[in-house]
Amino acid sequence: MIDPKDVHSPRDRWTLIDVLAELGGPDSNWWALALGHWDDIPCLAARWNGDAEIEGSKGNPISRGYPTWFILPDEMAEAMKSLIPAAKRNLVDSILATAKKSRF
């Protein structure tokens, strides 16, 4: 199982700002929702953190053996906002408000 705070690939395109929520599953961190920059465009991203019972599980997505994030399309990101804890919503709204129209 991978701690989502440790997922920083691909380094030349993705910058993690904050892991917003770790949800579901037996340990309540089955999957994660994050705020970051993809090519300098603020966005939300998600990933499955893996399975603690499977040795070496890196979750999904992965690329070239490294854990990565799935960048959510703008339409999907809006729907996911209800999963963000209230204490982090202002941060998310202020950062996403600066986003240019993305190509996602």
Side-chain angles (χ1 to χ4, degrees):
M1 183 173 269
I2 298 292
D3 184 336
K5 294 174 186 78
D6 295 334
V7 179
H8 301 286
S9 291
R11 291 184 187 272
D12 60 334
R13 301 193 78 188
W14 170 253
T15 304
L16 177 67
I17 296 171
D18 192 16
V19 174
L20 303 171
E22 295 181 62
L23 304 156
D27 298 322
S28 297
N29 61 354
W30 194 250
W31 72 278
L33 183 63
L35 176 65
H37 287 98
W38 181 265
D39 290 341
D40 296 323
I41 299 171
C43 60
L44 292 182
R47 75 176 321 274
W48 171 61
N49 296 322
D51 189 332
E53 295 182 15
I54 300 173
E55 186 176 335
S57 177
K58 295 181 181 179
N60 196 34
I62 59 172
S63 177
R64 298 181 186 157
Y66 294 99
T68 61
W69 291 94
F70 173 78
I71 307 306
L72 298 174
D74 292 339
E75 299 82 3
M76 185 182 259
E78 194 61 38
M80 298 296 265
K81 284 185 180 179
S82 66
L83 299 173
I84 300 168
K88 296 187 177 191
R89 285 188 192 148
N90 285 339
L91 170 70
V92 172
D93 288 342
S94 66
I95 290 175
L96 292 181
T98 66
K100 302 174 189 171
K101 273 290 195 193
S102 70
R103 60 184 171 274
F104 303 118

Next on the checklist: Would you say Tyr66 ends up clustered with Phe70 if hydrophobic residues are merged whenever their side chains have heavy atoms under 4.5 Å apart, either directly or through other cluster members?
Outcome noted: no
Item to check | Path from Trp48 to Ile62 over hydrophobic side-chain contacts below 4.5 Å | outcome: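 Not linked; separate clusters.
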Checklist entry - Closest approach of Trp69 and Ala32, non-hydrogen atoms and distance? => result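 Here Trp69 and Ala32 meet closest at CZ3-O, 3.7 Å.
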Checklist entry - Which atoms form the tightest heavy-atom contact between Trp31 and Leu83, and what is the distance? => result CH2-CD1, 3.7 Å
Is there side-chain contact between [X] and [Y], with heavy atoms separated by less than 4.5 Å?
X     : Y     : value
Leu20 : Leu44 : yes
Val7  : Leu16 : no
Leu35 : Leu96 : yes
Thr68 : Arg47 : no

Ignoring hydrogens and angles, tell me if any N or O in the side chain of [X] forms a donor-acceptor pair with the backbone of [Y] under 3.5 Å.
X     : Y     : result
Trp14 : Gly36 : no
Asp39 : Ile41 : no
Ser57 : Gly50 : no
Lys88 : Val19 : yes
Lys58 : Ile2  : no
Arg13 : Trp38 : no

In Å, rounded to the nearest 0.5 Å, how long is the span from [atom1] of [X] to [atom2] of [Y]?
X     : Y     : atom1 : atom2 : result
Lys81 : Asp93 : NZ    : CG    : 4.5 Å
Met76 : Asp74 : CE    : CG    : 11.5 Å
Ile17 : Ile95 : CD1   : CD1   : 4.0 Å

Item to check | Stepwise side chain to side chain contact (heavy atoms under 4.5 Å, CB included) check, Leu91 with Ile84 | outcome: CA-CA 10 Å; Leu91 170 70; Ile84 300 168; over 6 Å; no
Checklist entry - Should the heavy atoms of other residues, nucleotides or ligands under 6.0 Å from CG of Asp12 be counted, would the total exceed 12? => result yes
Item to check | Atom CG of Asn90 with >12 non-hydrogen neighbours under 6.0 angstrom | outcome: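 It does not: Asn90 CG has 12 such atoms or fewer within range.
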